[in-house]
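Below you'll find the structure, written out as C-alpha cells, and then a few comments.
Bear in mind that the values here come from a model prediction, so they are computed numbers and not experimental data. Residue numbers start from 1 in every chain, and the chains themselves are labelled A, B, ... in the order their sequence lines are given, proteins ahead of strands. Note: hydrogens, waters and symmetry copies are ignored here, and every other heavy atom, side chains too, is used.
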Amino acid sequence: MVAGFTQRRPATLPDPSATVRAVYAVLPLFTARLASAAVVVVGVTFLVFLLLHLVPGDPVEVMLGEYATAGDRAALREALGLDRPLAAQWFAFVEGLLRGDLGTSLASGRPVAALLAEGLRMTALLAVAGLAVAVALGLPLGVLAALARGRAWDAATSALAVLGMSIPNFVLGPLLMLLFAVLLGWFPIGGAGGVRALVLPALTLGTSLAAIVARMSRAAMIDVLGEPYVLAARARGLAEWRVVLVHALRNAALPIVTTLGLQLGALLGGAVITETVFGWPGLGLLVVDSIHRRDYPVVQACVLVIALTYVLVNTLTDLLCAWLDPRIGGAR
Amino acid sequence: MSGGTRGALLVVFLWSLAALAAPWLETEANRIALDQILAPPSWSAPMGRDDLGRPLLARVLVGARLSLGVTLAVVALAAAAGTLIGVLAGWYGGLVDLLVVRVIDVFLAFPGILLAIALAGILGPGIDNLVIALSVVGWVGFARLARAQTLSLRTRDHVQVAQALGTPLPRLLRLHVLPLLSGPLVVEATFALAAVIVAEAGLSFLGLGVQPPTPSWGALIRDGTRYLLIAPHVVLMPGLALLSLVVAINLLGDRLRDHLGGRPR
C-alpha cells in the first residue's frame, strides 16, 4: 500500500507553534489586502458621491421638477449641501455615512437607511438562492463533463454552458415565467411571497453563473484528475466515486470558490435586472424605481451598499483562499 | 474551421446585413395596423405583430441597427481609451501606474451593469448618454489587460533596443508594443461586444436607454413582457434575436481565445 498520498491526519491537535507560524505567514498578505480594500472603499464613496454631480443641469431642479417653489429648491439645496464647495460636500457625505446616515428619500421622506435595510435583506436572499442554483446546477455538470472528456456529454455541456452564459436575465426570466408560471402554473409569476416565489427569480439569476461554474469546475477537475495522487488513489483500488468526490474535488474546489467570489459582482448586477423582471422588492428594484422617480439620494445609497458588499465579499474570498492554500500567502 | 464557428460567423454576418438594411425598413417597422394588434406569426408577419399591430420582424431588423451601432461605438471608445491608459500606466510604472491601478480597482468594485444603470439613469435618456454610460464601465477591462501586457513587454529585448536607439515614445508604442498586445485585445473586444449588446439591451429594457418609438431589442422585450400572458411571441422574437447574436459572438470569442490567447477561462 502506498502510504503518504492519502494518509489520514493524526487525531491529535497540530503543534501550536506551527499554527502560530502559519498565522504569521499570512499576516502580511492580510494587512496588504485590507489596506487595498480600504483604498477601494474610499474611492467607491467618492465615485458614488460624484454621481449626483453628473445630473445634467441643476440637480435640484431635476429632482423637484419645474413647479417647485424657490423656497423648496433652496431648502433641498441646503439639505443636500450643494451650496458648499465640492470637497466639503464629500466630507459631509462621508461623515454622514460613518454615522449610518444615508440621507432622506425625496420621494417618500423616509430615511434612506430604512428603505435600504428591507431591500438589502431581499437582495441577499435572492443572491444566496442564485448562488445555490449556480453550484447545484454547475458543479455536477462540470464534474461529469470532466469525467466524460471529449465525449458527447462533454460537448453537450459545453454548448449548454455557452447558451447559459449568453442568455440575458431579461430574456430568461420571461421565458421561465411563460413556461413555469403561465403554462404549467407551478410557481407564482412575480412578487415576493414564500419560497415558491423565490424559485423562478433564483433560477433566472443563477443560470449564467451556473454556466461559468460548470466551465470552471470542468477545467479544474481535468487538471486535478491528471495529478499523480489521483493515479495513486486509483491504483490503490479506491472506488471511482471516492477518487472523484473525495480526492479530486477537494483540490479542485479552490479555483471554483475563487470564481464564485469574483463572479459575485455579476450576480449582484444581474439581481438588479432579475428583480425588475419579477417585481422582487430588493435593492435592484429600489434602484430602478428611484431612478425613474429621480430620487437620487436613494440611487446613490443603493449603488454604494451593493458596491461595498461586493468589496467585502471579494476581500473575504481572497483571505479565505490564502487561509485554505498557504501557497498563495507565500507567493506574495 | 468547425461547423459551429461557420454558423456563428453566418449569424453575425446576417445581423450586420440587417443593421445595414435597416434604413429601408424603417417605414415598415413603424406601420401601425390597429386591426391586427398582437397578431401571432403568420405569412404576412413572420414574427407576428406588436401591441400597435406593427410587424415584429421589421422592428427586430431595425433594432439590430441600433444595438450593433451602439455596441460598436461603445467597444471602440472603451478599447481606445482603456488601451491608451493601460499602456501608459504599464510603460511609465511608478506613481502613474499606482494611480491607474487604484482607479481600476475602484471601478471593478461596482458590478458593471449597476454602474451603467446608475450613470444612464442620472445622465438621462438618449443614445449619447447610453454610449457614455457603457463606455465609462467598459474601458476598465481593456486598461487592465493592456497594463499587464505592457508591464511584461517593456523589458523585451526589441523594445529596449528601440528605446536605446531613441525611438520617440508614440512611435515605439505603436510599432513595438501595440502589435504584441493586439491578440489578447481582440479576444477581449470580442467578449466585450457580447457583453455590451446585453448591457445595452438591459438598459433599454429598464427604460433607461433608447426611447420610443425607436425599436431596440431591449425596449422590444420590455414592451413584450406586458403581453406575456396573451401574446408571448412579442417577447420571444426579440429575445431569440438577441440570444442568437450573443451566443454567436461568445462562440467566436472562445475560438479566438484558443488561437490568440488572452483572458483565462
Counting only heavy atoms closer than 4.5 Å, note whether [X] contacts chain A via side chain, backbone, both or neither.
{"X": "B/L245", "answer": "neither"}
{"X": "B/V235", "answer": "side chain"}
{"X": "B/I221", "answer": "side chain"}
{"X": "B/L236", "answer": "side chain"}

Walk me through whether B/V106 and A/L47 qualify under side chain to side chain contact (heavy atoms under 4.5 Å, CB included).
CA-CA 8 Å; B/V106 169; A/L47 204 59; 4.2 Å; yes

Out of [options], which one racks up the most heavy-atom pairs below 4.5 Å with chain A?
{"options": "B/V246, B/I122, B/L243", "result": "B/I122"}
{"options": "B/P232, B/A109, B/G121", "result": "B/A109"}
{"options": "B/N250, B/L229, B/D105, B/L228", "result": "B/L228"}
{"options": "B/G124, B/A194, B/A201, B/A199", "result": "B/A201"}

Does the side chain of [Y] come within less than 4.5 Å of [X]'s, by heavy atoms?
{"X": "B/T225", "Y": "A/V277", "answer": "no"}
{"X": "B/V198", "Y": "A/N169", "answer": "no"}
{"X": "B/I113", "Y": "A/V272", "answer": "no"}
{"X": "A/V48", "Y": "B/F110", "answer": "yes"}

Side-chain (A/H292) to main-chain (B/L208) donor-acceptor, under 3.5 angstrom
no

Taking atom OG of A/S166 and atom CD1 of B/I249, what is their separation to the nearest 0.5 Å?
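A/S166 OG to B/I249 CD1: 9.5 Å, rounded to 0.5 Å.
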
Quick one: pull up CE in A/M165 and CG in B/D254 and give me the separation to the nearest 0.5 Å.
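If we round to the nearest 0.5 Å, A/M165:CE and B/D254:CG are 6.0 Å apart.
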
Does any heavy atom of chain B fall under 4.5 Å from the side chain of [X], the backbone, both, or neither of them?
{"X": "A/V288", "result": "side chain"}
{"X": "A/S290", "result": "neither"}
{"X": "A/L304", "result": "neither"}
{"X": "A/F170", "result": "both"}
{"X": "A/V40", "result": "both"}

Considering non-hydrogen atoms only, spot the tightest contact between B/L119 and A/L51 and give its length.
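Shortest heavy-atom separation between B/L119 and A/L51 comes out as CD2-CD2, 3.9 Å.
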
Considering all heavy atoms, the nearest A/G265-B/P111 contact
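For A/G265 versus B/P111, the nearest heavy atoms are O-CB, 3.1 Å.
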
Max heavy-atom pair count under 4.5 Å with chain B, selected residue of A/T259, A/I273, A/V41, A/L268
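Most heavy-atom pairs within the cutoff with chain B belong to A/I273.
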
If you count heavy-atom pairs within less than 4.5 Å of chain B, which of A/I212, A/V287, A/I306, A/V299 leads?
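Between A/I212, A/V287, A/I306, A/V299, the count favours A/I306.
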
Around B/R65, counting heavy atoms of other residues, nucleotides and ligands shown, do more than 12 lie under 6.0 Å from its CZ?
yes

State whether the number of non-hydrogen atoms from other residues, nucleotides or ligands found under 6.0 Å of B/I230 atom CD1 is greater than 12.
yes

